[in-house]
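Written below as structure tokens is the structure these notes are about.
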Amino acid sequence: MTEDIPDAVAAHVEPDLDLGMDRDELFGDDVEELRNSLSSLSQLAMSSLTLPQTLTHIAEFAVHAIPGADGAGLTLLNGDRPDTVVASDDFVVAVDRIQHSLGEGPCITAAERARTVRSGSLGGDAQWPRFGPRVGRLGVHSVLSLPLKTDDGVLGAMNVYARAKNAFDDRAVTLAELFAVPAAVSVQNAQALSNALLLSEQLQKALTNRKVIDHAIGIVVSRSGCTSAEAFVKLREMSQKDHKKLADVAQSIFDDAKRRAQARRSGS
């Protein structure tokens, strides 16, 4: 069975891991689900999905890869605070909102301590005295939270939930930790792509704004006979007076000149 496990997965199975079972028993039928999830994960890099869409798919793949899971979510860190929460199911969103509002919970612990966190009875778990009982009343009793670790540090955490008590055994923990390794890389790649696209959009917008401003300067020069520098000062003064962005003022001047030109052509 070991040779059936993807190399990237088998490489992360600790050789001295003592679970009272050999690898065949450890993975069993779940290796196929893990393989499918990892295969789907690898294809995300070739997709044109947005960052939230990519993260949501990673959460969905986690549910398939981890035995006992009913839902999963991803929380990324923005500085020291959690940000960008996505989930495979609505109940996961509700659970994660509770822990973020309270400032305590398995996701926060996993990200802060960079280690896997597990509980099979949240309602009575002393680790999170405020979070646990509230989630238990929602009918969610088991959690498995794993830090998303890369060479650059912890990006956030992957949170896997189950309604049953003691849903995640040692085998589920091992499979989850194996899945979390490439999942973290996928998250990092998705973030990098999203940042690159955002920068590209900002640069394109800046170039467009510059063209509009140049056109507006030319219009002001042609109307008043001032220099380009003086026309730019006039645009800036209009921007400050009207409390509008310089690009918006320039666009208004350009649109007005365009309407006048069209009116002249229609009347001729």
Side-chain angles (χ1 to χ4, degrees), residues 41-59 73-87 93 96-97 100-101 103 107-108 111-112 148-157 183-268:
L41 200 62
S42 66
Q43 294 173 19
L44 286 178
M46 299 178 287
S47 69
S48 56
L49 300 174
T50 64
L51 178 60
Q53 289 172 331
T54 300
L55 297 180
T56 300
H57 280 305
I58 293 174
L74 296 178
T75 297
L76 304 188
L77 296 178
N78 184 359
D80 292 329
R81 63 182 179 83
D83 194 17
T84 314
V85 180
V86 300
V93 176
D96 281 342
R97 281 177 178 169
H100 294 149
S101 67
C107 165
I108 295 171
E112 287 181 348
L148 295 170
K149 295 187 289 187
T150 69
D151 292 339
D152 296 327
V154 177
L155 303 178
V185 175
S186 294
V187 170
Q188 187 176 46
N189 290 341
Q191 283 183 311
L193 177 59
S194 178
N195 291 337
L197 291 174
L198 178 60
L199 178 59
S200 176
E201 291 173 0
Q202 291 172 338
L203 290 175
Q204 185 60 46
K205 184 176 180 180
L207 290 173
T208 300
N209 289 343
R210 181 62 196 178
K211 290 180 181 178
V212 172
I213 292 171
D214 287 342
H215 283 310
I217 288 174
I219 293 169
V220 174
V221 168
S222 66
R223 290 177 178 175
S224 65
C226 64
T227 65
S228 296
E230 291 170 338
F232 179 76
V233 171
K234 289 184 177 182
L235 289 179
R236 189 170 59 186
E237 290 174 347
M238 292 172 64
S239 170
Q240 294 171 345
K241 179 182 177 182
D242 297 337
H243 303 289
K244 293 182 178 180
K245 293 181 180 180
L246 182 62
D248 292 338
V249 171
Q251 187 68 55
S252 296
I253 292 174
F254 177 77
D255 291 342
D256 178 66
K258 185 177 179 181
R259 284 193 297 270
R260 291 185 182 187
Q262 291 173 339
R264 286 195 296 270
R265 285 198 297 270
S266 298
S268 59

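Taking the salt bridge (Lys or Arg N to Asp or Glu O under 4.0 Å) definition, one finds that D214 meets it with R210, sequence neighbours left out. Taking the side chain to side chain donor-acceptor pair (under 3.5 Å) definition, one finds that D151 meets it with nothing, sequence neighbours left out.
When every heavy atom of A247 is checked against every heavy atom of V212, the shortest pair comes out as O-CG1, 4.2 Å. Smallest separation of non-hydrogen atoms from L155 and A184: CD1-O, 3.5 Å. Of all the heavy atoms in S186 and I58, the pair that sits closest is CB-CD1, 3.9 Å.
A heavy-atom distance below 4.5 Å is found between the side chains of M238 and I253. Residues D242 and D248 form no side-chain contact, since every pair of their non-hydrogen atoms from C-beta on lies 4.5 Å or further apart.
Rounding to the nearest 0.5 angstrom, the gap separating the CD1 atom in I213 from the NZ atom in K211 is 13.0 Å. A distance of 3.5 Å separates OG1 of T75 from NE2 of H100, quoted to the nearest 0.5 Å. Atom CG of L148 sits about 9.0 Å away from atom CG of L55, to the nearest 0.5 Å. One finds the OG1 atom of T54 at 10.0 Å from the CG atom of N189 (value rounded to the nearest 0.5 Å).
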Without placing hydrogens or testing angles, list every side-chain donor-acceptor pair under 3.5 Å for residues 219-236, not counting sequence neighbours.
from, atom 1, to, atom 2, distance (Å)
S222, OG, G218, O, 3.4
S222, OG, I219, O, 2.7
R223, NH2, D256, OD2, 3.4
S224, OG, V220, O, 2.7
S224, OG, C226, N, 3.4
T227, OG1, E230, N, 3.1
T227, OG1, E230, OE1, 3.4
E230, OE1, T227, N, 2.9

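Put simply, the side chain of S239 gets close to the backbone of K244: a donor and an acceptor are under 3.5 Å apart.
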